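Computed over heavy atoms, backbone and side chain alike; hydrogens, waters and symmetry mates excluded. Here is the naming used below: chain letters follow the sequence lines, and residue numbers restart at 1 for every chain. As the structure is a prediction and not an experimental result, all values here were calculated from the model.
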Amino acid sequence: MAEKIQERYEDSDLYRIRHSTAHVMAQAVLEMFPEAKYTIGPPIENGFYYDFDLPRPLTPDDLKALEKRMRQVLAGRHVFQKKVISADEARQVFAQQPYKLELIAGLEQGGFDEYGNPLKEKPDISIYSHDKFVDLCRGPHVENTGQINPAAVKLMSVAGAYWRGDEKNAMLQRIYGTAWRTPKELEEYLWQLEEAKKRDHRRLGKELGLFHFSDDVGPGLPLFTPKGEMLRHLMETYVRDLQTRYGYSHVWTGHLVKEDLYKRSGHYDNYVDSMFPPMVDENITFRLKPMNCPSHMTLYKEMGRHSYRELPMRFGEFATLYRYEKTGELTGLTRVRALTQDDCHIFCTEDQIQQEFTLALKLIQEVLERYRFIDYKVRLSLRGEGGKYVQDDEKWAKAETALRASLDANNVEYFEASGEAAFYGPKADFLARDVLGREWQLSTIQVDFIQPARLGLIYIAEDGAEHTPVVLHRAVTGTTERFMGVIIEHFAGAFPVWLAPQQVMIIPIADRHLEYSGQVAEKLKAAGLRVEVDGRTERMNSKIRDAQKQKIPYMLVIGDQEAEAGQVALRLRSGDNPGAMSLADFISLAQKDIQQGN
RNA sequence: GCCCUCAUAGCUCAGUCGGUAGAGCGCGUUCUUGGUAAGAACGAGGUCAUGGGUUCGAAUCCCAUUGAGGGCUCCA
């Protein structure tokens, strides 16, 4: 099949429309605030933004006024004109604009490509002007403002943003906008946003009664209802059983750890800001456990001297960890302070890395498929320039080589990203796309040559000498909490039968059917199904509606006919109505769905 | 942490110019015993997030605190 040639976003007319709309918006803002300092305003996915330094905060009314002014400008059919100028000329044009002057100085040093790597050639400095507005800009733009449909443009929101993303810099005001070719495209985009809102796991979590947050307990600390805990249990049991099948064993290492251990492992230096404050007891300082590796490695040591014959050893744990995330970064279940990792540490020899990587990969692939994440890619996360990485070039090189070889041996396609590694080693991260096209980092496999040596792990090799094992860190779903948030949105709350906290709702039509309904429920429970009877004095229609809203896969309606014939009348949440069938038939139907992962 | 927005009944939200609170859903009671997405009536339920201030008077205006949401390097 021919490879579909995809136009680069940067070359598309949408890109030019958005870039040009950003300029028009900047013009409107400068007209409103002549003393405003303007900075940068690039097109982004689905729109554009522009950052300003303004004398006062913007209000929603300001956005309306700006939009109105932008429409007037667009109607003017002003031509965008490019001019290449010298740095000195640019400095004159933007004499009153400190941020632009900083950009000009940067351009003189040489430019950067879109990944932030320095360019070899010095870029031209160019300005684009339209109407009475001039901006330092490399383009490209539409020919004139008439090519932008005023009815396909909308300003979305105001947000704070640091100059160059650095919290040490001044806080600017960022206006987000969106622009499309046609009003219809804009409508569709806005509709998509609405749909995404309906799937929001925070909203569905409440509607389906899965979890809550409470001011009394604290921020980022979710509370799970009986249904929510059932979901957790199902998720974790699934992975646990699978791990057992793949030859992993499970350990338990508690919630508190002496701080000293983290000083030795290197976590203290790299991670202390993300740990909860210490608990001091006389001479001992404890920390809430923010990760498992040091505990698992310590357990490995305490279990005695290990022969190479015992390796690989695979320690899995569903461990609840506590991380002190900044309050501004907490969001629903996707970013919490109490998180349960399906963590695993594999102690092996260097020769075993590839086989262990392959095993972990197979497991991850099976799990992602089970959860219907069909579209995912793999990122090879390497260390970057900064100082947070443990300095040991030889070990890093070794780890990186081993990871690449493993990826290649399994024919895994991957892309590289520098600066994304853990402080102790490179990672293969699995980024899955959900049904709304959003990307989530879920699984990870990491190669660690550093910590085992730091913590003094050894095994006795064939040669009778002590060697340091390699540790692979591996997570499949990542954390139970975040993964739950992701799958709630992925499935829009309609979990596959095997995962649904409640699989069956029995709906008796009248009180006289309660007894038979109870009997049916007992039989279904005995067959391993999660079932409830809706015995309220409500009409059947109302019970169906409620079960439907709860997205329960099977509704079994029971009236005179069913009670007499010893049957159940099946209705599905899809609205399909297979009708009356024997209990045995229903059970085998349900079990088949469960087995097939439906 | 920083910027902006928000906080009214269990949930979703009204509440005008400052004059001490409303709806729908849910919940309770009663009637209704029904055939594939809402049967009816009545009733209970709120220190308007917390603490200050302005005012004759604050859900409403101001300040602080707490919590939630949208953002915080896709470098002109």
If you go through the side-chain atoms of Y162(A), does one of them form a donor-acceptor pair with the base of G1(B) closer than 3.5 Å?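 Yes, the side chain and the base share a sub-3.5 Å donor-acceptor pair.
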
Decide yes or no, distance alone: a donor-acceptor N/O pair under 3.5 angstrom between the base of G1(B) and the side-chain of E325(A).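 When only heavy-atom distances are counted, E325(A) does not reach the base of G1(B) through any donor-acceptor pair under 3.5 Å.
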
Measure centre to centre between the rings of F33(A) and F52(A), then say whether the value is under 6.0 Å.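 Ring-ring flag for F33(A)/F52(A): false, centres at least 6.0 Å apart.
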
For Y516(A) and H513(A), I'd like to know if the aromatic rings sit close, meaning centre-to-centre distance below 6.0 Å.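 Judged by ring-centre distance (under 6.0 Å), Y516(A) and H513(A) do not meet the cut-off.
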
For the side chain of [X], starting at C-beta, report the closest nucleotide among [options].
X       : options                : answer
R164(A) : G70(B), C75(B), G35(B) : C75(B)
A569(A) : U33(B), C75(B), U36(B) : U36(B)
K206(A) : C11(B), G70(B), U33(B) : C11(B)

Between [N] and [M], how many Å separate the two [atom1] atoms, rounded to a whole number?
N      : M      : atom1 : answer
G69(B) : C13(B) : P     : 14 Å
A68(B) : C61(B) : P     : 23 Å
U5(B)  : G35(B) : C1'   : 49 Å
U55(B) : G18(B) : P     : 16 Å
U16(B) : C56(B) : C1'   : 22 Å
G46(B) : C4(B)  : P     : 36 Å

Check for a donor-acceptor pair, side chain of Q97(A) on one end and backbone N or O of A36(A) on the other, with a separation under 3.5 Å.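 The answer is yes, because a donor-acceptor pair under 3.5 Å joins these two groups.
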
Just checking I544(A): base, sugar-phosphate only, or nothing, at a heavy-atom cut-off of under 4.0 Å?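 If one applies the 4.0 Å heavy-atom cut-off, I544(A) turns out to touch a base.
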
Are OP1 or OP2 of G70(B) and a side-chain N or O of R202(A) less than 4.0 angstrom apart?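 So the side-chain polar atoms of R202(A) do come within 4.0 Å of the phosphate oxygens OP1 or OP2 of G70(B), strictly under.
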
Is there a side-chain polar atom (N or O) of Y176(A) under 4.0 Å from OP1 or OP2 of C72(B)?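 Yes, because at least one side-chain N or O of Y176(A) sits under 4.0 Å from OP1 or OP2 of C72(B).
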
Go through the steps to decide whether K198(A) and E195(A) satisfy the test salt bridge (charged side-chain N to carboxylate O under 4.0 Å, His left out), and finish with yes or no. CA-CA 5 Å; K198(A) 284 184 198 159; E195(A) 283 305 294; 3.1 Å; yes

